[in-house]
Amino acid sequence: MTKFTAAKIMSACVDSTSALLYISILLLIIKISTAIDTINTTQSIRDIDGDSMVSADGSFKMGFFSPGSSKNRYLGIWFNKVSVMTVVWVANREIPLTNSSGVLRVTGEGLLVLLNHNESIIWSSNASRSARFPVAQLLDSGNLVVKEEDDNDLENSLWQSFDYPCDTLLAGMKMGRNSITGFDRHLTSWKTTDDPSRGNFTFRFDPSGYPEQILTENSIRRYRSGPWNGLRFGGPQLRPNPVYKYEFVFNDKEIFFRYQLLNNSILSRLVLTQTGDVRRLTWSDETGIWAFYLTLIVDDCNRYALCGAYGSCDINNSPACGCLKGFLPKVPRTWDMMNWSDGCARRTPLNCTGDVFQRYSGVKLPETRKSWFNKSMNLEQCKSLCMKNCSCTAYANLDIREGGSGCLLWFSDLIDIRQFNDNGQDIYIRMAASEQDHNDEEGTKSNKTKHTRIIVISVVSAGMLLLGIVLVLLVRKKKQQKGRKVTGILEGRRDDTCKEDPELQLFDLGTITCVTNNFSLTNKLGEGGFGPVYKGILEDGQEIAVKRLSKSSRQGLDEFKNEVMHIAKLQHRNLVKLLGCCMEADERMLIYEFMPKKSLDIFIFDRTHSALLDWPQRYHIINGIARGLLYLHQDSRLRIIHRDLKASNILLDNSMNPKISDFGLARSFEENETEANTKRVVGTYGYISPEYAIDGIYSVKSDVFSFGVLVLEIVNGNRNRRFCHPDHNLNLLGHAWRLFTEGRSSELITEPIAESCNLSEALRSIHVGLLCVQCHPNDRPSMSSVVLMLSGEGKLPQPKQPGFFTERTLVEANSSSVKNTSCSVNDSTITLLEAR
Ligand SMILES: *[C@@H]1O[C@H](CO)[C@@H](O)[C@H](O)[C@H]1NC(C)=O
Ligand SMILES: *[C@@H]1O[C@H](CO)[C@@H](O)[C@H](O)[C@H]1NC(C)=O
Ligand SMILES: *[C@@H]1O[C@H](CO)[C@@H](O)[C@H](O)[C@H]1NC(C)=O
Ligand SMILES: *[C@@H]1O[C@H](CO)[C@@H](O)[C@H](O)[C@H]1NC(C)=O
């Protein structure tokens, strides 16, 4: 609140000591433990329940609360009829009360003020006019209003909490802006569960061009809804449904989105989470939880501008990004490395007067920040207007109802297009005239080349063939010709591991020591493959994870070099990103992007955390790991076998995107080399494939095995290795296999997700998991087949018996030759010396 307002109330409070004024002031007091001057309550407040206030129908409650484990106190409104404390609005979100006293008061002018123990104002509402007989009332909708006592018209209220949303949009609230005053109602995430102050994420309407909802993180765009097309925003999320109806209002005065519940006995809310997702949740009395109804950020293609200008994202493709027809990658080198942000450029430049328009169907329309619109024009008029102006890049209908109406024109590069097919719409993009003919010819030509690119990737069993499109075949060929010069790094002088790689940033020791608080224990995140990992925050605010090589470790040094060599060359959204390294004095350190959610094992194996990871997220994680692994095995510059894939090596970013980490044991292999042999078996019990543990033979199929184990663990929530069951002594693989053969796979699904999950997806994942852990490597599918099988609908081949489905197999197989058999380790990486 502004100082001015605060001062005014203060003086009002001081004045109020004079008896005359005092009487005219209606005061509402909500006290916490210590009673301060309890003065009066108004008629309109039905229930003052000691220190809180309940709406007339009992659905919302207002009072003081402490979020999470915090001791600070806040004035808030929450659902009164649910068993989980669910706060929907906070008054003093930036300035908490630090002890148990606090008073909320309505002043004579109609302002709400929140006073702390020394009577100073820490929060206040404001009003455009002063009132005669102001009262405050908590309505059944959850709206706290200040109004004239005898005026029940909400439009005339002096102030309402619905105008100042926090992270939650309740039914009836407007999200949007007043075009005349510029007053903007938007959502801002909480900082943490313990701290309701404004976090990094906001969700609001961008009024420039044709309005769209935009989700930003620290002012950087992360997601956009797409323009309203008469029925919904661009995307499948909003649909007629049994829970709520919605409207989008856009006129000269205001722009807003609002929803209303169809049945008021259903409790539903839309919330901007601390991780930057917008979710609709509905309360379920039976389960006692807020069930997930929909999410805005359904997949990677919803990430803002993932594919750059003129790129198009199709989640059913791998890789997901492609260029629009008639466009080519602007920087082919980075594009091939799956860094798509540079986008695509026209194959043939425009020459303005002779240009034509090419139709693209089924898309989410590009960003409308630099667009122009007219609601009454038709498509023909729209086209001719666009044709006349050389800087107009595309046009489309505004409203898709009744055959289409209205005109939307773009005057910039087209950004953030995705392919939706059923839920998308048509856009007409300006192209050089020659390109149109070219495209028509190409239609047939590219079909032919496509055919040559379609390769039968794997014949998994007699029943079924899976076709896969190896898009990167040509690219890889090119790379092969270039040869592999990186091996030099391994042989290079000890101190040059980092310096030899021009793509890596070198950090100096002083900086790293400083940002990790001199490697203090409080900054320590855990132990990685070859030493401790610390958290640090660079001067520019970037959070980093610092992996420090233990000084004594010789094996560590090899792993360190190995990791630098491998990961520096890789770039994929499902691999953790190496920012640089630090080599000074005796120190060897790798600097990574920091992953706030830590690793997957924390979520899936822990009862309490497990509930936080619902099925869509788990499925997203499974798919992400599969894509990351596919990239390693097939699409990356070096073809790489990870060799230590496990839950603790899968890190999670803020949006729960999985990132494969820890390349200390990784090996690259030549194109024509399908398996290799090692004397030193490394990896982690529970995830090692039989042929590797027993014979020391590893191939991409060893990673496929580990992936299969991981999938079953994600579905089941138990570690393969420590799995135990009253009926048998099989491990998780054995258990899954047994249930599968008995047709009872659904029993494998872990409790917290069993209710909410998409059964067919979960069963498919289990099935794919079992295919991956088959005993014989040749039976296991390649990762490209896995990615296809996970996303496809078709029938899957029958898996054979898994390898290592009892714990004993491994121990027996190795007992004669294994020196290091202290197996009571908790999933730490082991080295079996000379296991061959
Ligand atoms: C009330 O305060 C908010 C936030 O400080 C401000 O945006 C708004 O314009 C104010 N409204 C009035 C009527 O003064
Ligand atoms: C609203 O939902 C409740 C509980 O599910 C149900 O009993 C009631 O009939 C519904 N009311 C309407 C109007 O559909
Ligand atoms: C929109 O188009 C209609 C029909 O062509 C025209 O009459 C009207 O003036 C246009 N409105 C604006 C704001 O350009
Ligand atoms: C083309 O459109 C842009 C953006 O609306 C405008 O600034 C420019 O003046 C127009 N040019 C012509 C020739 O109409």
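Numbering of ligands and ligand atoms starts at 1, following listing order. All residue numbers refer to positions in the sequence shown, counting from 1.
- Looking at S55, S157, S161 one by one, the single match for side-chain contact (heavy atoms from CB on, under 4.5 Å) with N143 turns out to be S161.
- Annotation: W372 places no N or O atom under 3.5 Å from an N or O atom of ligand 3; distance criterion only.
- Under the 30°/60° scheme for interplanar angles, the aromatic rings of F250 and F373 are found to be tilted.
- Under the 4.0 Å distance rule, the nearest protein heavy atom to atom 7 (O) of ligand 3 falls outside the cut-off.
- Atoms of ligand 4 found under 4.0 Å from any heavy atom of S391 (numbered from 1 in listed order, with element): 1 (C), 2 (O).
- When hydrogens are left out, the protein atom nearest atom 5 (O) of ligand 3 is M377 CG, 3.7 Å; that is the closest non-hydrogen contact.
- Using a 4.0 Å cut-off between charged side-chain N and carboxylate O, E435 and R347 make a salt bridge.
- Near N389, meaning under 4.0 Å from one of its heavy atoms, ligand 4 places the atoms 1 (C), 2 (O), 3 (C), 8 (C), 10 (C), 11 (N), 12 (C), 14 (O).
- Here the protein heavy atom with the shortest distance to atom 14 (O) of ligand 3 is N374 ND2, 3.5 Å.
- We find that R224 and E367 are not joined by a salt bridge, their nearest charged nitrogen and carboxylate oxygen being 4.0 Å or further apart.
- Counting only heavy atoms, the protein gets under 4.0 Å from atom 11 (N) of ligand 4.
- The six-membered or imidazole ring of F233 lies near that of F248, with a centre-to-centre distance under 6.0 Å.
- Side-chain atoms of N302 and R418 form a donor-acceptor pair, as typed in the model, at a separation below 3.5 Å.
- Of the protein's non-hydrogen atoms, S376 OG, 3.4 Å is the one closest to atom 3 (C) of ligand 3.
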